[in-house]
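In what follows, a single structure is set out as structure tokens and then discussed.
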There are 2 protein chains.
Amino acid sequence: MATLKDIAKELGVSVATVSYALTGRGSVSPAMRDKVLATVERLGYQPNRKAQAMRTGITRCIGLIIPDLTNPFFPQLAQKIEFEARAVGLSVFVVDCQNQAVHEEEGLNLMEQQQVDGVIWCPTGNRSTQRLARLRCPVVLVDRPLPGFDAVHSDYRAGGQLLAQHAIELGHRTVGLLSGPQETESARLRRAGFVEAAAGRLDIQWEEEVPFSSELSPAARQALAASKASLVVAANDLIAVGALDELRSLGKRVPEDVSLMGFDDIPWSALITPSLTTIRQPIAALAHEALSLLTAKMLDRNRPVSTRVVGVSLVERNSAIALNHG
Amino acid sequence: MATLKDIAKELGVSVATVSYALTGRGSVSPAMRDKVLATVERLGYQPNRKAQAMRTGITRCIGLIIPDLTNPFFPQLAQKIEFEARAVGLSVFVVDCQNQAVHEEEGLNLMEQQQVDGVIWCPTGNRSTQRLARLRCPVVLVDRPLPGFDAVHSDYRAGGQLLAQHAIELGHRTVGLLSGPQETESARLRRAGFVEAAAGRLDIQWEEEVPFSSELSPAARQALAASKASLVVAANDLIAVGALDELRSLGKRVPEDVSLMGFDDIPWSALITPSLTTIRQPIAALAHEALSLLTAKMLDRNRPVSTRVVGVSLVERNSAIALNHG
DNA sequence: TAACTTGACTTAAACGATTAAGCGCTTTAT
DNA sequence: ATAAAGCGCTTAATCGTTTAAGTCAAGTTA
């Protein structure tokens with residue numbers, strides 16, 4: 001691997017000159033700059049990132065801490081973020097927490113050791129923000145906002161409202177709610193939006209809080225079994241898939257006997273039967289905003305904390321149909 | 001951030017002593033070692049990985065180059081690999097190629113710049129192995145073997161055979177094949193195993209080569225429309241999902257009218273309707289073998305090239321049923 | 001012509017670690 | 001008795017960069 005020293009020796013100049021020629025910082029004659037550039041090309045020189053990092057304190061690496069790659073929402077997000085990051089010359093370390101706080105802790109330690117320039121984090125659950133503060137690099141929370149921190153997330157409340165409005169339009173009156181973990185802002189706002197827009201027009205007959213997973217709690221299964229509601233609204237698509245499975249094994253047809261709605265528009269949603277009526281989160285936009293917020297913060301660490309909210313849209317498919325009032 | 005120098009100053013010794021105390025390499029009195037350890041604890045010292053890397057040439061980072069996080073097989077694999085890597089103190093850079101050679105090239109460049117200690121790579125398509133050689137760190141190919149390189153993959157041939165045997169047991173005689181991209185060893189062996197075990201007992205009435213995606217080619221759709229086979233065997237689950245969708249829109253019921261089999265056992269396979277009969281790849285084992293092969297190669301770079309093949313198993317679900325010979 | 005500026009370099013000191021070599025002393029082996 | 005080896009530490013070189021400070025000749029100004 002060629003170094004600055006090799007190039008300098010080749011041209012009979014000092015490494016400083018070569019460095020100046022490449023960074024364009026000092027004053028170097030055009031002739032010399034050309035010679036340096038040519039030699040760089042010829043020797044296939046690539047700057048040693050570690051050495052640069054050591055000197056400048058900038059690693060050009062960021063961390064991406066994700067709750068669970070098994071939830072199809074996150075691979076999509078990770079893909080877009082990695083793409084955007086690479087486009088601006090940032091490499092990304094990925095840590096998958098498998099939804100466990102221990103791994104999250106490990107991940108944060110790792111980011112500290114690697115001295116990343118920034119971290120994009122989707123916190124699992126409501127963690128103490130102390131650990132976050134120990135990380136002395138900029139952090140942007142995605143999808144899981146926490147008060148007092150930079151964050152990018154979808155307009156969950158609007159999503160909830162869209163679902164309620166759609167339900168009303170379809171003529172539904174009675175609904176069961178499979179709400180997500182209420183300690184997360186994300187699940188709380190989805191629920192809040194729905195409940196607000198439903199007020200006085202939809203009767204929420206039952207509600208069960210379940211984790212963001214297709215494995216339903218026993219209580220949720222019982223609720224589904226006993227349900228007389230014409231519509232079940234799940235806090236995300238994964239839960240909706242679980243509900244679909246459960247309803248089917250209870251002998252209830254979706255959507256003929258009961259309609260179903262999800263949230264996220266994960267890739268499966270279009271493929272399962274019936275395809276899922278859901279709220280689409282603009283994942284590419286989330287990724288883009290997250291990265292632009294992070295880079296902004298990297299450039300100006302005193303930037304005031306801000307939150308970017310991206311819009312969502314209703315995706316009508318086959319799992320929710322109009323109710324025939326007989 | 002505390003450095004060795006801080007600790008040394010605190011104790012009134014040289015940095016070398018502190019370094020020796022921590023690495024356990026030089027000779028240091030037990031008393032001094034204890035004092036160092038205590039001070040490390042007290043100051044919250046964390047070694048600077050960049051500096052270590054610069055001195056030793058070892059970065060304790062590996063690269064993971066993946067074709068597409070949108071294919072659910074890869075997030076699973078990535079999750080396990082990241083987990084195993086972290087357990088042995090390796091951080092992982094992830095690059096998602098989005099199935100494009102350009103990004104793959106970029107990814108390899110990035111690994112070179114980051115000077116990773118090793119790379120785990122699932123090549124998209126059959127790339128020139130020249131680029132691979134330019135990377136002067138150990139490389140292990142996963143899921144997509146290439147001749148002449150260390151690789152870990154499932155026993156595709158056995159998987160193909162299992163599918164054929166199962167088809168025969170179920171009483172099928174006529175079958176349509178949606179085979180994967182034959183420039184990949186992976187798809188070739190799946191096909192080969194199936195064809196071998198089918199020989200003389202199953203009649204392969206038609207065959208279409210399609211990419212590993214749920215988007216079917218027009219030719220494949222025509223083949224499905226015209227098919228009189230009692231069974232369709234897809235090269236992976238993603239293709240099977242696409243076929244399921246297409247069959248359904250053609251008015252053919254699965255499995256009543258036609259049985260369907262996949263390969264991979266991606267998480268959706270159990271959740272879609274009908275749930276998919278398929279071949280399970282032991283992803284955790286793949287990840288484990290890949291990492292152990294890579295670390296072995298990192299320790300002994302002259303290790304001869306080897307391939308590890310992990311066993312697969314048939315998962316019987318609802319998409320393939322016994323044929324009633326009338 | 002003396003004094004000052006400028007351009008194009010070089011020198012050398014960092015950054016934070018690792019590690020070979022050396023130092024003055026005591027212990028062991030030949 | 002003398003050489004060799006070990007002990008616990010220090011000194012100093014090194015990895016590949018960046019960058020403040022210095023040098024020195026040529027050009028500009030008064």
Side-chain angles (χ1 to χ4, degrees), chain A residues 1-40 43-61 89 91 110-117 136-137, chain B residues 1-40 43-61 89 91 112-117 136-137:
Chain A
M1 200 95 215
T3 70
L4 283 193
K5 200 196 268 181
D6 297 327
I7 297 178
K9 196 177 297 171
E10 197 86 358
L11 295 174
V13 297
S14 71
V15 287
T17 301
V18 180
S19 175
Y20 283 134
L22 289 176
T23 60
R25 240 176 282 270
S27 91
V28 176
S29 69
M32 180 55 81
R33 189 189 314 282
D34 289 349
K35 284 203 278 183
V36 167
L37 259 34
T39 314
V40 159
L43 301 190
Y45 165 81
Q46 303 230 76
N48 181 325
R49 297 257 213 149
K50 314 291 169 227
Q52 288 182 322
M54 174 128 74
R55 189 51 232 249
T56 62
I58 294 169
T59 59
R60 303 191 71 66
C61 291
S91 305
L110 193 145
M111 294 313 155
E112 213 167 357
Q113 283 187 25
Q114 295 292 355
Q115 298 176 152
V116 294
D117 296 336
R136 80 274 275 101
C137 68
Chain B
M1 200 93 213
T3 69
L4 282 194
K5 200 196 267 180
D6 297 328
I7 297 177
K9 197 177 297 173
E10 197 87 358
L11 295 174
V13 298
S14 71
V15 288
T17 302
V18 181
S19 174
Y20 284 134
L22 289 177
T23 59
R25 240 176 282 270
S27 91
V28 176
S29 70
M32 180 55 80
R33 190 189 314 281
D34 289 349
K35 284 203 278 183
V36 167
L37 260 31
T39 314
V40 160
L43 300 189
Y45 166 81
Q46 303 230 79
N48 181 325
R49 297 259 212 148
K50 312 293 170 228
Q52 287 182 322
M54 173 127 75
R55 190 54 234 252
T56 62
I58 293 168
T59 59
R60 301 193 73 66
C61 291
S91 305
E112 213 168 357
Q113 282 187 26
Q114 294 292 354
Q115 298 176 155
V116 295
D117 297 337
R136 79 272 275 102
C137 70

Q: Could you check whether Thr56(B) gets within reach of a base, just the sugar-phosphate, or nothing at all, counting any heavy atom under 4.0 Å?
A: sugar-phosphate
Q: Could you tell me the separation between the CD atom of Gln113(B) and the C1' atom of dT17(D), rounded to a whole number of Å?
A: 14 Å
Q. Among the nucleotides dC15(C), dT17(D), dA17(C), which one has an atom lying closest to any side-chain atom of Leu4(A)?
A. dT17(D)
(Q) Using modelled atom types and a 3.5 Å cut-off, is there a donor and acceptor pairing between side-chain atoms of Thr56(A) and backbone atoms of Gln52(A)? (A) yes
Q) Rounded to the nearest 0.5 Å, how far does OG1 of Thr59(A) lie from CG of Asp117(A)? A) 3.5 Å
Q.
Output the rounded distance in Å from CD (Gln46(B)) to C1' (dC15(C)).
A. 18 Å
Q. Starting at CG of Asn48(A) and ending at P of dC15(C), how long is that distance when rounded to a whole Å?
A. 18 Å
Q | Main-chain N/O of Val13(A) paired to Thr17(A) side chain as donor or acceptor, under 3.5 Å | A | no
Q. When the distance from CD of Gln115(B) to P of dC15(D) is rounded to whole Å, what number comes out?
A. 14 Å
Q | Closest non-hydrogen atom pair, Ala51(B) against Met54(A) | A | CB-SD, 3.7 Å
Q: Could you tell me whether Lys50(A) contacts a base, only the sugar-phosphate backbone, or nothing, with contacts defined as non-hydrogen atoms closer than 4.0 Å?
A: nothing
Q: Starting at atom CE of Met1(B), determine the distance to atom P of dA17(C), rounded to an integer number of angstrom.
A: 9 Å
Q: Report yes or no: does Asp6(B) contribute a side-chain atom to a donor-acceptor pair with the main-chain N or O of Thr3(B) at less than 3.5 Å?
A: yes
Q: Say whether, by atom type as modelled, one donor and one acceptor occur between the side chain of Lys50(A) and the main chain of Gln115(B) under 3.5 angstrom.
A: no
Q: Starting from P on dG16(C), measure out to CD on Gln52(A) and report it in whole angstrom.
A: 17 Å
Q.
If I take atom NZ in residue Lys35(B) and atom P in nucleotide dG8(D), what distance separates them, rounded to the nearest angstrom?
A. 14 Å
Q: Taking only the side-chain nitrogens and oxygens of Arg49(B), find out if one of them lies under 4.0 Å from OP1 or OP2 of dA17(C).
A: no
Q) What integer distance in Å separates Leu11(B):CG from dG8(D):C1'? A) 15 Å
**Q.** Considering all heavy atoms, the nearest Glu112(B)-Arg136(B) contact
**A.** OE2-NH1, 3.8 Å
**Q.** Residue closer to the 5' end of DNA chain C, Met54(A) versus Leu22(B) (nearest nucleotide)
**A.** Met54(A)
Q: Sugar-phosphate atoms are those with a prime plus P, OP1 and OP2; base atoms are the rest. Using that split, label each nucleotide of nucleotides 5-10 of chain C B, S or - for protein heavy atoms under 4.0 Å, 5' to 3'.
A: --SBBB
